[in-house]
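Structure, as structure tokens:
Whatever order the structure lists them in is the order used to number ligands and atoms, beginning at 1.
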Amino acid sequence: MQYVSTRGQSQPLPFCDAVRAGLADDGGLFVPERLPDFSGRLDELAAMDYPDLAEAIVREFATDIPAADLRALVEATYAPDVFPGGVAPLATAGGLHIQELFHGPTLAFKDVALQWLGNLFDYILAHRGGSMTVLAATSGDTGAAAIAALGGRANLSLFVMHPAGRISPLQYRQMTTTAHANVHNLAVEGTFDDTQHILKALNNDAEFKQRVSLGAVNSVNFARILAQIVYYFDAWAQLGKPAQFRVAVPTGNFGDILAGYYAKQMGLPIERLLLATNCNDILARFFATGVYQRGEVFETLSPAMDIQVASNFERYLYDHAGQNPETLRGLMDGFSATGEIVLPAGDAGVDPLFYTASANEEQTLDTIHELHNETGYVADPHTAAGVFAAKQFRAEHGDDGVPMVCLATAHPAKFPEAIARATGHGDLATHPTLDALADLPTRCTTIPTSETAVMHFIEEHI
Ligand SMILES: *Cc1c(COP(=O)(O)O)cnc(C)c1O
């Protein structure tokens with residue numbers, strides 16, 4: 001299987017090379033040249049445990065990894081000591097199926113894909129030689145999952161930038177208590193946008209990129225999307241193989257829901273994907289109106305969804321453009337110039353597969369409150385956006401018996417203030433993993449908002 005760039009001006013690459021490169025060198029995103037069809041093998045897949053299922057799906061995409069090596073990678077990633085509560089178990093609450101993706105080391109669904117990516121980087125570097133540098137920018141929530149995935153890896157250095165003083169004490173502890181010498185936390189004296197700006201600038205510096213062998217761990221890396229496809233199949237199996245089902249997905253960068261969109265094309269009977277956002281609703285507006293328009297970013301209770309431009313959306317647009325890279329380049333160039341992409345929207349919206357809903361702050365808190373009150377289930381603010389979308393869908397369409405899965409993307413203990421505000425109880429959201437961080441020493445370097453400063457720091461510390 002080869003991976004082509006959405007912009008069509010990079011060499012197609014086999015899986016491991018595309019993973020190693022992260023972003024294509026023409027600025028596009030790698031996509032598989034075609035998606036495998038599992039529609040004739042669904043029963044077979046449904047009988048598998050999680051590692052077997054992951055292996056069966058990944059094998060069709062990672063054709064350059066020998067079978068025994070792939071088996072070892074998948075087993076190491078989805079082992080019971082890495083995901084003690086299971087990888088993607090289904091709970092039920094209020095007639096909804098809640099797929100808990102937060103049982104990994106940092107209690108966030110990003111562990112499901114990043115643990116796999118960490119093992120994959122290790123494998124690729126061990127077999128191909130060389131070293132790798134990873135630079136990440138986080139508004140607080142995702143850095144910890146990257147650190148848990150890449151900490152202690154041989155021949156790999158990780159630099160995580162966060163905006164100094166602008167992340168919660170819990171988020172700070174989760175990142176800076178790491179004992180691994182290959183992990184460097186940088187508190188940038190600026191905003192999250194400043195850190196993203198630095199990340200982009202260093203990624204656009206071809207000479208620097210080559211010199212330090214810069215890789216990508218954000219969801220532009222196709223390996224992450226691939227790992228996320230698996231749990232959609234797992235949800236369907238756990239539901240008992242219904243003829244159709246729906247999935248509500250708390251969405252930021254469009255990575256998680258893109259995996260569901262691919263799963264459907266691979267033959268999984270997903271009837272509807274509910275795209276749930278907070279008040280940063282650029283994607284919801286797109287699917288309702290056909291207009292994708294850059295706007296202001298609002299800080300919300302669900303910070304991992306506070307995004308303006310969804311990096312993975314380009315993969316979806318590429319399909320929408322008939323997988324024609326020239327058409328896609330035209331759209332992206334237009335977006336750079338005007339901050340807007342306009343597609344014709346029919347009566348059912350742009351794509352009837354997607355239903356959209358946006359929960360504002362009050363609706364998010366109300367959803368957490370009601371769900372807890374009615375069922376005892378405590379959802380984090382990201383998960384609550386999905387539950388809000390599911391409830392709105394049911395209010396509009398009635399309950400037709402088609403099962404509804406809500407992806408739960410973070411453990412509520414990661415957002416104790418929001419849970420306390422919503423429920424009135426200060427002690428509902430705790431987790432021993434987070435409690436254990438309280439007394440550990442922290443390690444972090446403060447650095448000015450400067451590309452050169454970050455560049456020098458990296459060069460001195462790899
Ligand atoms: C990253 C994240 C999301 C959004 O996922 P995307 O793939 O970026 O759409 C939702 N919830 C949580 C808790 C996250 O960390």
Side-chain angles (χ1 to χ4, degrees), residues 29 98-115 117 136-149 162 167-168 170-171 174-175 192 196 216-229 231-232 247-263 273-278 280-284 286-287 297 300-316 354 356 358-359 364 367-368 378-389 406-415 418-419 429 431:
L29 277 68
I98 301 194
Q99 190 172 28
E100 297 181 340
L101 303 171
F102 53 65
H103 294 289
T106 73
L107 313 184
F109 95 104
K110 290 196 171 65
D111 290 328
V112 177
L114 279 167
Q115 288 292 319
L117 186 63
T138 179
S139 56
D141 204 44
T142 65
I147 291 169
H162 71 261
I167 63 175
S168 80
L170 181 59
Q171 290 172 329
Q174 259 201 309
M175 293 199 288
F192 176 52
Q196 280 190 306
V217 289
N218 57 1
S219 54
V220 301
N221 199 311
F222 185 78
R224 277 187 56 178
I225 307 296
L226 176 54
Q228 293 174 260
I229 291 172
Y231 51 70
Y232 285 86
V247 190
V249 189
T251 296
N253 266 321
F254 203 76
D256 205 3
I257 200 163
L258 180 77
Y261 164 79
Y262 284 160
L273 287 167
L274 280 63
L275 187 153
T277 69
N278 57 30
N280 294 291
D281 61 351
I282 174 169
L283 287 165
F286 169 77
F287 283 102
V297 183
T300 72
L301 296 164
S302 40
M305 289 153 60
D306 293 349
I307 63 103
Q308 194 174 34
V309 176
S311 49
N312 267 291
F313 189 57
E314 178 164 338
R315 288 189 165 112
Y316 176 78
F354 293 88
T356 64
S358 305
T364 302
T367 302
I368 296 171
V378 183
D380 99 287
H382 303 79
T383 305
V387 171
F388 175 82
C406 295
L407 300 187
T409 52
H411 192 284
K414 294 193 75 179
F415 301 94
I419 303 302
H431 194 286

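Side-chain atoms of Asn278 and Ser302 form a donor-acceptor pair, as typed in the model, at a separation below 3.5 Å. In this structure, a donor-acceptor pair under 3.5 Å is present between the side chains of Asn280 and Asp306. A donor-acceptor pair shorter than 3.5 Å cannot be found between the side chains of Asn221 and Arg224.
Among all protein heavy atoms, the one lying closest to atom 9 (O) of ligand 1 is Gly252 N, 2.7 Å. In terms of protein heavy-atom proximity, atom 13 (C) of ligand 1 is closest to Thr409 OG1, 3.3 Å. Lys110 NZ, 2.4 Å is the protein heavy atom nearest to atom 2 (C) of ligand 1. The protein atom (non-hydrogen) at minimum distance from atom 6 (P) of ligand 1 is Asn253 N, 3.5 Å.
For a threshold of 3.5 Å applied to N or O pairs, the pair formed by Gly255 and ligand 1 contains at least one separation below that value. Distances between N or O atoms of His382 and those of ligand 1 include no value under 3.5 Å. Geometrically, ligand 1 and Ala304 share no nitrogen or oxygen pair separated by less than 3.5 Å. Inclusion of Asp256 in the set of residues having an N or O under 3.5 Å from an N or O of ligand 1 is warranted.
Between Tyr316 and Phe287, the distance separating the two ring centers is shorter than 6.0 angstrom.
Within ligand 1, counting atoms from 1 as listed, the ones closer than 4.0 Å to a heavy atom of Ala410 are 13 (C). Close approach to Thr251 involves these atoms of ligand 1, each under 4.0 Å from a residue heavy atom: 9 (O).
Across every non-hydrogen atom of Gly143 and Met175, the tightest pair is CA-SD, 3.7 Å. The two atoms that bring Ser311 and Leu29 nearest to each other are O-CD2, 3.5 Å, heavy atoms only.
Ligand 1 has at least one atom lying under 4.0 Å from a heavy atom of Pro250.
Once rounded to the nearest 0.5 Å, the distance linking OH of Tyr261 with CG of Asn312 reads 12.5 Å.
In this structure, the side chains of Leu107 and His431 come closer than 4.5 Å at one or more pairs of heavy atoms.
When non-hydrogen atoms are compared, ligand 1 lies under 4.0 Å from the side chain of Phe109 (C-beta onward) but not from its backbone.
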